[in-house]
Amino acid sequence: MTLNKKYWESRYFEKSTGWDLGRISPPLKEYIDQLSDKEIKILIPGAGNSYEAEYLFSRGFKNVYILDFARQPLLNIQNRIPSFPKEHLIEQDFFEHKGQYDLLLEQTFFCALPVEQRKQYSKKAYDLLKPEGKLAGVLFNINFPKPGPPFGGSKKEYEDCFKNNYEIKVLEPCYNSIEPRQGIELFFIFKKK
């Protein structure tokens with residue numbers, strides 16, 4: 001299986017999007033509710049239908065950028081939020097993206113990447129963050145019994161992957177995951193060193 005643009009486009013076409021909650025995930029909603037500076041520049045990579053971006057935009061965050069290399073979720077966002085700036089919808093491979101952001105929000109993108117790309121993700125996120133920038137979101141704390149995506153992992157694996165480039169501010173079990181994900185998610189905040 002090649003996890004390329006064609007693969008992800010077909011998942012949307014076939015409506016095989018089990019990761020899509022149809023709303024913002026509770027851990028990210030709670031984190032966003034604590035953000036006070038509405039001028040920060042935010043990137044949501046591998047954003048899918050990005051209910052997180054919709055929530056941020058509805059709360060007055062106007063520097064929100066959505067990146068996905070599948071076109072359909074970007075069209076879905078455009079249809080759902082007609083006032084969302086079209087130039088903030090980026091159809092591109094994460095690893096080819098250029099820009100500088102205060103915050104990268106992670107929701108199901110990292111777990112969709114093959115495990116061998118995790119160090120590359122860590123480095124790319126680092127390059128996209130401004131000094132003192134943060135990478136925050138949710139990671140799976142489980143090794144799945146069947147081949148992915150999603151690909152699972154553990155707290156120790158994530159610490160090893162991110163500790164060289166980031167100060168690990170938070171990496172702990174989510175207490176407010178949706179029921180099917182209770183006990184298998186970690187919320188994290190990593191600050192660029």
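FYI, the numbering just counts along the sequence from 1.
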**Request:** Please tell me if the side chains of Phe94 and Phe69 come closer than 4.5 Å, counting only heavy atoms from C-beta onward.
**Result:** no
**Prompt:** Taking the side chain from Glu30 and the backbone from Asp33, do they hold a donor-acceptor pair closer than 3.5 Å?
**Reply:** no
**Ser25 backbone acceptor or donor facing Tyr55 side chain under 3.5 Å** = no
**Complete:** NZ (Lys134) and CG (Leu105) are apart, to the nearest 0.5 Å, by 11.5 Å
**Heavy-atom side-chain contact between Phe110 and Leu139 under 4.5 Å** = yes
**Message:** Looking at Arg59, I want to see if its CZ is surrounded by more than 12 non-hydrogen atoms of other residues, nucleotides or ligands under 6.0 Å.
**Reply:** yes
**Asked** Looking at CG of Asp102 and CG of Asp37, how far apart are the two atoms once the value is rounded to the nearest 0.5 Å?
**Response** 7.5 Å
**Nearest atoms (heavy-atom pairs only) where Leu28 meets Gly137** = CD2-CA, 3.7 Å
**Message:** I need the full list of salt bridge (Lys or Arg N to Asp or Glu O under 4.0 Å) pairs touching residues 72-88, with sequence neighbours left out, sorted by first then second residue.
**Reply:** Glu54-Arg80
**Request:** Quick one: pull up CD1 in Ile90 and CG in Leu43 and give me the separation to the nearest 0.5 Å.
**Result:** 6.5 Å
**Request:** Any chance you could measure Ser83, atom OG, to Lys62, atom NZ, to the nearest 0.5 Å?
**Result:** 6.5 Å
**Request:** For atom CD of Gln34, decide whether the heavy atoms of other residues, nucleotides or ligands shown that lie under 6.0 angstrom number more than 12.
**Result:** yes
**Item:** Least distance between heavy atoms, Val138 atom then Cys174 atom
**Value:** CG1-SG, 4.3 Å
**Prompt:** Between atom CD of Gln72 and atom CG of Leu75, what is the distance when rounded to the nearest 0.5 Å?
**Reply:** 5.0 Å
**Message:** A cation-pi test, strictly: NZ or CZ of Lys41 under 6.0 Å from the centre of the six-membered ring of Tyr101 and no more than 45 degrees from its axis. Yes or no?
**Reply:** yes
**Request:** May I ask whether Tyr31 and Phe109 are part of the same hydrophobic cluster, defined by side-chain heavy atoms of I, L, V, M, F, W, Y residues being less than 4.5 angstrom apart, directly or through others?
**Result:** no
**Asked** Distance-only, no hydrogens or angles: does the Tyr166 side chain make a donor-acceptor pair with backbone N or O of Ser122 under 3.5 Å?
**Response** yes
**Message:** Taking Leu74 as the starting point, is it possible to reach Leu56 by hopping between hydrophobic residues whose side chains are less than 4.5 Å apart?
**Reply:** yes
**Smallest separation among heavy atoms of Lys119 and Asp160, with atom names** = NZ-O, 3.1 Å
**Request:** For residues Leu135 and Leu103, determine if any side-chain heavy atom of one lies less than 4.5 Å from a side-chain heavy atom of the other.
**Result:** no
**Request:** Would you mind reporting whether Gln120 and Lys124 have side-chain heavy atoms less than 4.5 Å apart?
**Result:** no
**Asked** Would you find a donor on one side and an acceptor on the other, under 3.5 Å apart, between the side chain of Glu39 and the backbone of Phe61?
**Response** no
**Complete:** Here the gap from Leu171 atom CG to Phe162 atom CZ, rounded to the nearest 0.5 Å, amounts to 9.5 Å
**Side-chain heavy-atom pair Leu113, Phe95 within 4.5 angstrom cut-off** = yes
Side chains of residues 182-193: which donor-acceptor pairs under 3.5 Å do they make with residues two or more places apart or in other chains?
{"from": "Gln182", "atom 1": "NE2", "to": "Ser177", "atom 2": "O", "distance (Å)": "2.6"}
{"from": "Glu185", "atom 1": "OE1", "to": "Ser177", "atom 2": "OG", "distance (Å)": "2.6"}
{"from": "Lys191", "atom 1": "NZ", "to": "Glu132", "atom 2": "OE1", "distance (Å)": "3.0"}
{"from": "Lys192", "atom 1": "NZ", "to": "Tyr126", "atom 2": "O", "distance (Å)": "3.0"}
{"from": "Lys192", "atom 1": "NZ", "to": "Leu129", "atom 2": "O", "distance (Å)": "2.6"}
{"from": "Lys193", "atom 1": "NZ", "to": "Lys163", "atom 2": "O", "distance (Å)": "2.8"}

**Request:** For the residue pair Phe84 and Ser50, establish whether any side-chain heavy-atom pair is separated by less than 4.5 Å.
**Result:** no
**Request:** Group every Ile, Leu, Val, Met, Phe, Trp and Tyr by side-chain heavy-atom contacts under 4.5 Å, then state whether Val170 and Leu104 land in the same group.
**Result:** no
**Item:** Residue pair Pro150 / Phe140: nearest heavy atoms and the distance that separates them
**Value:** CB-CE1, 4.1 Å
**Message:** Are Phe57 and Tyr65 linked, directly or through intermediate hydrophobic residues, by side-chain heavy-atom contacts shorter than 4.5 Å (ILVMFWY only)?
**Reply:** no
**Request:** Check Gly48 against Asp68 and note the closest heavy-atom contact, atom names and distance.
**Result:** N-OD2, 2.8 Å
**Message:** Can you give me the closest heavy-atom contact between Asn141 and Lys155, atom names plus distance?
**Reply:** OD1-N, 3.5 Å
**Request:** Answer yes or no: is there a side-chain heavy-atom contact under 4.5 Å between Leu128 and His97?
**Result:** yes
**Side-chain ion pair, Glu179 and Arg181, N-O less than 4.0 Å** = no
**Asked** Is the shortest heavy-atom distance from the side chain of Ile66 to the side chain of Ile77 under 4.5 Å?
**Response** yes
**Prompt:** Does the Lys38 side chain pair with the main chain of Asn63, one donor and one acceptor, at a distance under 3.5 Å?
**Reply:** no
**Item:** Joint hydrophobic cluster, Ile32 plus Ile81, side-chain heavy atoms closer than 4.5 Å
**Value:** yes
